[in-house]
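First, the structure itself, so that you have it in front of you.
Below, chain A is the first sequence line, B the second, and so on; all start at residue 1. All values derive from a computational prediction rather than experimental measurement.
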Protein chains: 2
Amino acid sequence: MAVELRPSQALRLLHELSLAQVRDDAPDLSQRQLAILLSVYLEAPPHTVRGLAARLGVTKPVITRALDTMGQLRLVSRRRDEADRRNVIIQRTVEGALYLERLGDLVVATARALPR
Amino acid sequence: MAVELRPSQALRLLHELSLAQVRDDAPDLSQRQLAILLSVYLEAPPHTVRGLAARLGVTKPVITRALDTMGQLRLVSRRRDEADRRNVIIQRTVEGALYLERLGDLVVATARALPR
DNA sequence: CGCAATCGTTACGGCTGCGGATTGTTCCGG
DNA sequence: CCGGAACAATCCGCAGCCGTAACGATTGCG
């Protein structure tokens with residue numbers, strides 16, 4: 001067990017985070033998009049459309065569309081799997097890593113400012 | 001300073017939370033809706049449409065629409081301010097309190113399970 | 001070698017939320 | 001008492017995401 005947190009603190013944390021997200025008009029990702037992004041960056045590659053769909057419990061078009069959107073934002077990129085050209089490998093990008101780095105820092109800073 | 005958390009832990013926390021949210025097909029609120037809900041439940045009343053709009057930095061129709069949606073979900077309710085009948089007072093509900101209670105517990109449980 | 005299976009994408013109709021402008025009601029100052 | 005200000009709701013056209021059902025490309029089994 002690592003992070004001790006009371007329910008009231010948890011809700012305050014979510015509150016501050018949601019306010020921060022809403023205010024700065026960054027291209028706020030949907031819950032699904034964020035889940036995909038975090039899966040790609042935190043779990044071991046390779047990542048495929050089918051694998052992500054199974055991981056999230058959603059259909060494949062959901063993944064394809066989310067990748068379209070996040071690809072335009074340069075948060076992820078796609079590449080054909082040359083070993084099996086039916087597959088598409090989802091890859092990380094510098095912009096995506098930066099996005100998550102700033103997001104992580106925001107959470108840390110917000111958590112640190114919580115009343116005890 | 002209360003809650004110590006490293007960036008990698010923060011991202012893992014978000015990852016687990018987003019996966020949980022995506023999987024159970026609960027009526028997942030948008031970021032804005034969540035921000036409104038948390039403002040209503042964590043900040044001191046009374047809450048008005050105008051006040052919430054200013055708090056979030058969005059226009060009033062955004063608040064009205066979000067209240068429509070969350071009102072149908074019974075997460076909040078609306079009442080005319082009898083003192084100034086131009087105002088609408090946003091009120092908490094049992095269902096809303098329960099929703100946030102479960103959400104807070106989920107965050108706590110997820111945080112507790114994070115690797116040190 | 002052909003044919004079913006797999007994989008990702010696209011097409012379609014529908015739903016929801018958005019911003020901006022407008023409306024109807026209520027309040028208040030002159 | 002009345003005209004403007006304040007407030008929330010509604011209307012409008014638009015953009016994004018949804019689920020289902022197709023589709024084209026690729027693979028590998030029989």
Quiz question: by atom type and distance under 3.5 Å, do the side chains of S8(A) and R6(A) form a donor-acceptor pair? yes

Can you give one letter per nucleotide of nucleotides 20-30 of chain D, 5' to 3': B if a protein heavy atom sits under 4.0 Å from the base, S if only from the sugar-phosphate, - if neither? BB----BS---

Write down the distance between CD (Q72(B)) and C1' (dC15(C)), rounded to a whole number of angstrom. 13 Å

Check: R85(A) side chain, R80(A) main-chain N or O, donor-acceptor pair, under 3.5 Å: no

May I ask you to verify if any side-chain N or O of R32(A) is less than 4.0 angstrom from the OP1 or OP2 atom of dG19(D)? yes

Nearest whole angstrom, please: distance from the P of dC18(C) to the CD of Q33(B). 7 Å

Rounded to the nearest Å, what distance is computed from the CD1 atom of residue I89(B) to the C1' atom of nucleotide dC7(D)? 12 Å

Taking only the side-chain heavy atoms of R50(A) (C-beta and beyond), determine which of dG19(D), dC7(D), dC7(C) contains the nearest atom. dC7(C)

Check this one for me: any side-chain N or O of T64(B) less than 4.0 Å away from OP1 or OP2 of dA9(D)? yes

Return the minimal non-hydrogen interatomic distance between R32(B) and L56(B), and the atom names on each side. O-CD1, 4.1 Å

Identify whether any heavy atom of T69(B) sits under 4.0 Å from a base atom; if not, whether one sits that close to sugar-phosphate; answer base, sugar-phosphate or nothing. sugar-phosphate

Base, sugar-phosphate, or nothing: which does T48(B) touch, judged by heavy atoms less than 4.0 Å apart? sugar-phosphate

Heavy-atom side-chain proximity of L38(B) to S18(A) below 4.5 angstrom: yes

Testing dC18(C), dA8(D), dG8(C) for proximity to the side chain of V62(B), the answer is dC18(C)

Distance, rounded to the nearest Å, where K60(A) contributes NZ and dA5(C) contributes C1': 11 Å

Given atom CG of L67(A) and atom P of dG16(D), what is their separation to the nearest angstrom? 17 Å

Which whole-number value in Å describes the distance from I90(A) CD1 to dT9(C) P? 8 Å

Between Q31(B) (CD) and dT16(C) (C1'), how many Å, whole number? 17 Å

For the residue pair L114(B) and Q9(B), what are the closest heavy atoms and their distance? CD1-O, 3.5 Å

Take atom CG of L52(A) and atom P of dT9(C), then tell me their distance rounded to the nearest Å. 11 Å

Donor-acceptor pair, side chain of R23(B) and main chain of R55(A), under 3.5 angstrom: yes

Salt-bridge criterion met for R112(B) and D105(B) (N-O under 4.0 Å): no

